[in-house]
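The shown structure was predicted, so the numbers you read here are calculated from the model rather than taken from an experiment. Because only heavy atoms are used, hydrogens play no part in the values below, and waters and symmetry mates are left out as well, while side chains stay in. Chain letters run A, B, ... following the sequence lines, proteins first and then strands; every chain starts at 1.
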Amino acid sequence: MASYDKTEIADLIDGSMPWPSTRAIMSAHKDDDRFDKYLSILQERVPWHHPILLPIGEHLYIVQSGENRIVKCDCGHEFGSYQDNWKNQALIRVRGDRESIAEIYPGRYTCDPEWMELREFICPGCVTLLEVEAAPPGFPIVFDFLPDLEGFYEDWLGKSLPQEA
Amino acid sequence: MTDTLLVDEDGRFAVGKASTTPQNESVGFLESAEDAAGYWDLTSQEAFEQLSVVLYSGTGMLNTLLSRTGRRVGLIVTRGMEDAILMGRGLQAWTDYSYPDRLHAVTHQAPEPLVPRHRIYGVTERIDQFGNVVAPVYEHEAEKAAEELVAQGVEAICVCCMFSYVDDTHERQITEIVQNVLNKRDVEVPIYRSSSVRPVIREQSRLNSVVIEAYAADVSREQLVGVEEATQSQGFRYGVQTVLSYGGLAGIRYPRLHETMISGPVGGILGAKYVGDIIGSDSVIVSDMGGTSFDISAITRGNIPIENEPTLARFKLNLPTISMESIGAGAGTIIKVDPLTKKVSLGPESAGSTPGPVAFDMGGTEPTVCDCDVIMGRLNPDYFLGGKVKLNVEAAKSVFKEKVADPLGVDVYEAAEGMANMLEMDAKESMRQMISARAVDPADYALMAYGGSGPLHMAEYSRGMGFKNILTFPFAAAFSAFGCTTADYLRRYSRSVQLTLPPNADAEHRNSVAEEINRIWEGLQEAATSEMGDEGHAPADVQLEMFAQMRYTGQLEDVEVPLAMQRITADSDLDLVIKEFDELYAAINGAVAQYREAGHSITELGIVAKVEKIKPKLVRETLQGETPLAEAFKGTRSMYYNREWHEAQLWEMDYLKPGNVVAGPAVVEHPATTLVIPAGDRVWVDEWTIVHYEHAEDSSESE
């Protein structure tokens, strides 16, 4: 059974692992303690103590806060229940004209703003860019991911959801 | 490790080992030579003074390439081709991968280019595929490129024009312009032309070859020179030779040193050809099972198969190489059981020699096929490498039980045999594929099994295949190195052409083809005699053999046709060339596959220049009785085979004499290899001390 050190998993998270080692991990059977190690590394890196249930983005986590499961940024800003789209609580910048799109995609890379706009979701707490989506103008904000936490923990990991200590 | 194989005229040999010293390879080489000489009670000085040939093959060049520590190369190409080196060939992103990884594109990764984009310049020029100048060289562009490369401080410059294999005028012209710039700036930087590396079609592999030569060859040459100086300080009187990927020897100052990079499997097939000639078998299938891989190839009617575009370190090269098919299955192959599906898989990861299998007790934690052999009593725990490595049977058993047998819910011995059988089936399947792809009859072929683990598993991987005979050697573990000593000084020179001979070609056309063939052969001959002369071979000693790569017009694969003639002197010579091709094609693919109505195409013309070298001779002895000498018998050991325990007789390989017969269940042991003979099978030793394996009469395929 493959198993890796916490430092190796940390390198994997940071993308600092050399390619040959990364490839060796990709080619091996999945290590069965990966999720636990992954979570504990993320938990050590955040300045708050709500237990992380699931990472859902580069800076975003679903955490247990008292009785509630909420989406939280690593800066500590809380977005409310994970069952609601956290994007609705974020600062949003829409790049909906040629000029602002061209700042990111210059020249011939620029899309037609009649057909597509770029929406940037920014954390009100730390002003980190959390997510970008591309959608036709007028299209509702996309709800990326509503996980089945109970099913994942109980059926796949074979344990109950962690509670706040 | 650095291995030294010391061979005397009679083919007797001694193997020495020492740790490799990458900073200065000559140190490790001398140490291992001293170790080898010690077996014959010689000092290394005494050994070197008597030697007539020293062959050395190191991995310096490959390491330079893998670690990307070669020279700062600048590159000038036909304008429009500047990105070719970055794009590479698609297969370079996954070649050498296991089958599952090939399918999982997320694991694919293009190799890091040897030349960064900012040191690549395009120059407008074009000669088309027929040799017509479509656009002249824009000299000002070449000059500017050279100036900028000098400014960037490059250590070597490569020039590669798209159709330089048809006509290298533009490449030469660009080279001259670059040289003028270098002279003007008073900089000394070597320039490499792709057409002088090998003027053959397909620019990507030609480009890779010329760049690798510029990038890595000189570092490696320094090591070789160091080795040569070391041998000469010990009293060796000649120059050190190195082995070319197509089976020749070359002095270490050979200008195209990248041709030495693939020399691993070369020895075995040369040895097989040599032994095949002695025993009168011109068709041989070779199988080399070592620690990490199983390599196979086929010599058909004396012809060694050549692969023209091999892959090395994930670069496609333009380099004729003895063709070997390889699967990642050897004794050191790691056995894995998928935790979810319980599917067993072998490799391709290997425990290598460090940490090695669990039984080595050197830190290996993953069970390997070698551990299975230990568990089943097939390997002698006290006589591995002549007793230098004690095998820990209990450790092997407990790790294997925990990681393989228990998860599968199978008895440990049954599981161990199952794993060994899996390896043997993989090996057998790869041979079967090679045989069926060529539609040949195995009954025409002798199988030679060698490599450290070949004799250990040959009983099963050759069972039921229907070979004419099955051979192995007391020196199976050193067979590849032995094979290298049978090589001659050999060079291949070739050039791509586009010549067709339709069945109804008129005299004028046939005449023009003949003239073109002669023109190319003459050019190659000049190059051959002058290069061989540079290495000190007298012109009279140089034997030339012409060859042509041919196909039926419209087909995609070539057959290399060796030709006895030196030039086309009459129209009937062309018919002779065609006849040779037709016969060889039929021998390889079967007569029904011939397609003479389509006419014939010649895609490449070449010559092989050869100077004979002194070789070890196998000694022929008179046959003695069937019963081996008493001192050859070493007792008995319990051995698990076919799900039963047998009391196997143990024999010492070196004491078996010509004529002796050993019947299974038996194990013939040698410090470097172990031959396992299950009940019912037997081996006998012929007058050349070659071991012939015979399966039981009713031996059908057990699948």
His104(B) side chain reached by Met26(A) side chain, heavy atoms, under 4.5 Å: no
Is the number of heavy atoms from other residues, nucleotides or ligands within 6.0 Å of [atom1] ([X]) greater than 12?
| X | atom1 | value |
| --- | --- | --- |
| Glu67(A) | CD | no |
| Glu58(A) | CD | no |
| Trp115(A) | CH2 | no |
| Lys87(A) | NZ | yes |
| Glu99(A) | CD | no |

Minimum heavy-atom distance between Tyr97(B) and Arg23(A), given as atom pair plus value: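 So the two residues come closest at CE1-NH2, 3.1 Å.
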Least distance between heavy atoms, Lys336(B) atom then Ser27(A) atom: NZ-O, 4.5 Å
Structural part of Asp101(B) lying under 4.5 Å from a heavy atom of chain A: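 Only the side chain of Asp101(B) comes within 4.5 Å of chain A.
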Contacting region of Val106(B) [heavy-atom separation from chain A under 4.5 Å]: both
